Protein chains: 2
Amino acid sequence: MTTARAGSRARTRQAILDAAFEVLARNPAASLGDVAAAADVGRTTLHRYFPERSDLLVALRDEATARLDQARTRARTADDTGAAAIRRLCQEYFDLGDLLSLLFREQVELDDESPGTCDDWFADLVRRGHADGTIDTELPAIWVQSLLWSQLYLGWSFLSEANASRHETLRLVLRCVEGAIRPLR
Amino acid sequence: MTTARAGSRARTRQAILDAAFEVLARNPAASLGDVAAAADVGRTTLHRYFPERSDLLVALRDEATARLDQARTRARTADDTGAAAIRRLCQEYFDLGDLLSLLFREQVELDDESPGTCDDWFADLVRRGHADGTIDTELPAIWVQSLLWSQLYLGWSFLSEANASRHETLRLVLRCVEGAIRPLR
DNA sequence: CCATAATGGAACACTGTTGTTCCAGAATGG
DNA sequence: CCATTCTGGAACAACAGTGTTCCATTATGG
């Protein structure tokens with residue numbers, strides 16, 4: 001009985017989330033009316049799915065967390081040298097698009113990492129890079145993590161403003177991240 | 001007659017601007033009441049100096065432009081190699097503090113440079129670096145400029161969140177900018 | 001075809017911000 | 001000491017965003 005009903009609900013919900021990502025990434029101060037309009041949905045309907053603004057933000061956070069985890073899995077961060085793993089991670093994260101802006105501007109806060117804290121798995125990754133000589137030992141893990149995010153955000157906003165190709169922009173990001181973290185000479 | 005009067009006015013005005021930099025850098029959506037409170041000034045007084053919110057933003061933009069120009073002059077961007085000049089520029093800009101956040105988040109837009117456009121003097125600087133071999137020729141000037149800003153913002157937010165020393169943070173910024181822009185191998 | 005679910009519009013109260021006016025008190029220069 | 005200036009609090013209307021309720025309309029499964 002709930003087959004197509006539930007399907008419809010899920011689809012509407014997803015449409016709202018997708019629109020929210022897009023709208024809030026461009027303008028963090030956008031109103032719920034803007035989000036509803038972008039999702040082609042009445043404001044009433046939006047409130048039916050997400051009673052309060054905070055409910056929407058929580059849902060966005062969960063969605064973001066899930067996608068980040070998927071990207072990390074795809075990047076196989078446990079393989080190869082530290083730098084190579086970071087390079088793959090960079091590529092996977094880059095495809096997340098609007099998510100980057102939201103997370104970077106801390107519109108949507110991830111629960112497991114307060115600002116100034118580094119993910120454990122990422123810290124391990126950097127340590128591996130320190131050990132195998134592909135990441136400068138002078139750079140702390142938390143710094144490398146911040147650097148990665150800032151470069152991804154840079155790439156994404158570059159893509160939006162300048163009319164550069166996605167491919168070329170990704171190349172620049174990878175090039176600069178690699179140069180920034182590898183040991184000098 | 002207007003000696004101390006004008007002095008007082010200038011002092012109040014400056015206090016408001018300083019507070020606005022600080023408050024808006026931390027929270028771009030801060031209300032005028034917040035700014036007034038931070039400046040230890042009644043909201044009425046704030047409106048007396050800056051009738052509308054936009055007037056305050058214009059004043060902030062002018063102040064920012066002036067300080068940026070001063071920093072650029074101090075950095076003597078016409079001397080040395082391209083990379084060395086960028087390094088000095090980085091050092092000078094880094095000291096601008098809250099200004100960085102505001103400019104980077106585009107709360108305050110500079111008039112002479114629309115997003116996606118590169119300052120002429122900066123483009124020349126990068127070209128010089130391309131020619132003297134200290135900046136990778138694969139990196140376009142506009143990208144280097146964006147990179148510089150994103151790294152400065154990174155450094156500044158790192159300073160706020162992590163409890164790192166100003167000196168150490170600047171070292172990390174300079175280290176990573178240099179690594180990012182110099183030619184590989 | 002019909003009952004149920006989903007939707008969107010209209011209207012409402014509530015809140016916080018903005019910009020304004022008015023006035024009384026404090027500070028300052030002469 | 002007095003006149004001028006600067007200040008800040010109170011009160012106000014206007015406005016935008018939020019969250020809610022109610023109702024009519026549209027789909028959809030059975």
Side-chain angles (χ1 to χ4, degrees), chain A residues 1-63 101-102 105-109, chain B residues 1-63 101-102 105-109:
Chain A
M1 53 159 166
T2 51
T3 53
R5 310 290 226 223
S8 171
R9 283 195 66 83
R11 228 174 308 125
T12 303
R13 185 189 145 91
Q14 196 57 47
I16 294 174
L17 286 181
D18 289 342
F21 271 127
E22 197 178 319
V23 171
L24 291 180
R26 301 230 171 105
N27 171 25
S31 71
L32 296 184
D34 294 336
V35 174
D40 253 320
V41 150
R43 197 167 64 88
T44 309
T45 301
L46 190 150
H47 272 107
R48 202 169 279 128
Y49 283 79
F50 307 98
E52 298 193 4
R53 189 180 238 273
S54 61
D55 295 321
L56 177 59
L57 293 183
V58 167
L60 285 178
R61 188 201 58 186
D62 292 345
E63 176 87 5
S101 309
L102 250 68
R105 302 204 208 183
E106 285 163 11
Q107 278 299 308
V108 174
E109 287 182 17
Chain B
M1 53 159 167
T2 50
T3 51
R5 309 289 222 222
S8 172
R9 282 195 66 84
R11 227 173 308 124
T12 303
R13 185 189 145 92
Q14 195 57 47
I16 294 174
L17 286 181
D18 289 341
F21 272 127
E22 197 178 321
V23 171
L24 292 180
R26 300 230 172 104
N27 172 24
S31 72
L32 296 183
D34 294 337
V35 174
D40 254 320
V41 150
R43 195 167 66 89
T44 310
T45 301
L46 189 151
H47 272 107
R48 202 169 279 127
Y49 283 81
F50 307 99
E52 298 192 3
R53 185 179 240 272
S54 61
D55 295 321
L56 177 59
L57 292 183
V58 167
L60 285 178
R61 190 201 57 185
D62 293 344
E63 176 87 5
S101 308
L102 250 70
R105 302 205 210 182
E106 286 163 12
Q107 279 300 307
V108 175
E109 288 182 17

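All figures in this text were calculated on a predicted structure; none of them were measured in a lab. No hydrogens, no waters, no symmetry mates; every other heavy atom, side chains included, goes into these values. Sequence lines set the chain letters: A, B, ... in the order given, protein chains first and strands last, and positions in each chain run from 1.
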Nearest to the side chain of [X] - [options]?
X: A/Thr44; options: C/dA6, C/dA10, D/dT7; answer: C/dA10
X: A/Arg9; options: C/dA6, C/dT7, D/dG9; answer: C/dA6
X: B/Thr45; options: D/dG19, C/dT7, D/dG8; answer: D/dG8
X: A/Arg53; options: D/dT7, D/dT18, C/dG9; answer: D/dT18

> With nearest nucleotides of DNA chain C determined for B/Ser54 and B/Arg48 from heavy-atom distances, which residue corresponds to the more 5′ nucleotide?
Replying inline: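 Between the two, 5'-proximity favours B/Ser54.
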>> By nearest heavy atom, map B/Pro51 and A/Leu46 onto DNA chain C; which one lands nearer the 5' end?
In response: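 This one resolves to A/Leu46.
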>> D/dT7, OP1 or OP2 - any side-chain N/O from B/Thr12 closer than 4.0 Å?
In response: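 B/Thr12 to D/dT7 OP1/OP2: side-chain N or O found under 4.0 Å.
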> Distance check: side-chain N/O of A/Tyr49 vs OP1/OP2 of C/dA6, anything under 4.0 Å?
Replying inline: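 Answer is no, no contact under 4.0 Å.
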> With sequence neighbours excluded, what pairs up with A/Asp40 under the salt bridge (charged side-chain N to carboxylate O under 4.0 Å, His left out) test?
Replying inline: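 Applying salt bridge (charged side-chain N to carboxylate O under 4.0 Å, His left out) to A/Asp40 gives none.
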>> What's B/Ser31 touching, base or sugar-phosphate or nothing? Going by heavy atoms closer than 4.0 Å.
In response: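 The answer is sugar-phosphate, as B/Ser31 gets under 4.0 Å only of primed atoms, P, OP1 or OP2.
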Close side-chain approach of [X] and [Y], heavy atoms under 4.5 Å:
X: A/Arg53; Y: A/Leu56; answer: no
X: A/Arg105; Y: B/Arg105; answer: no
X: B/Phe50; Y: B/Leu17; answer: yes

Can you check the [X] [atom1] to [N] [atom2] distance for me, whole Å?
X: B/Phe50; N: C/dT20; atom1: CZ; atom2: P; value: 15 Å
X: B/His47; N: D/dC12; atom1: NE2; atom2: P; value: 18 Å
X: B/Leu56; N: C/dT17; atom1: CG; atom2: P; value: 16 Å
X: B/Glu52; N: C/dT17; atom1: CD; atom2: P; value: 18 Å
X: B/Arg13; N: D/dC6; atom1: CZ; atom2: P; value: 14 Å

> Taking DNA chain D as the partner, which of residues 33-43 of chain A come within under 4.0 angstrom of it by heavy atom?
Replying inline: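 Under 4.0 Å from DNA chain D: A/Arg43.
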> Just how far is it from atom CD of B/Glu22 to atom CG of B/Asp34, taken to the nearest 0.5 Å?
Replying inline: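 Separation between the atoms: 12.0 Å.
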> So, for B/Ala38 and B/Val23, which heavy atoms are closest and what is the spacing to 0.1 Å?
Replying inline: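 Heavy-atom minimum between the residues: CB-CG2, 3.4 Å.
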>> Test your reading of the model: is there a side-chain donor-acceptor pair from A/Asp62 to the backbone of A/Ala59, 3.5 Å cut-off?
In response: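 Absent.
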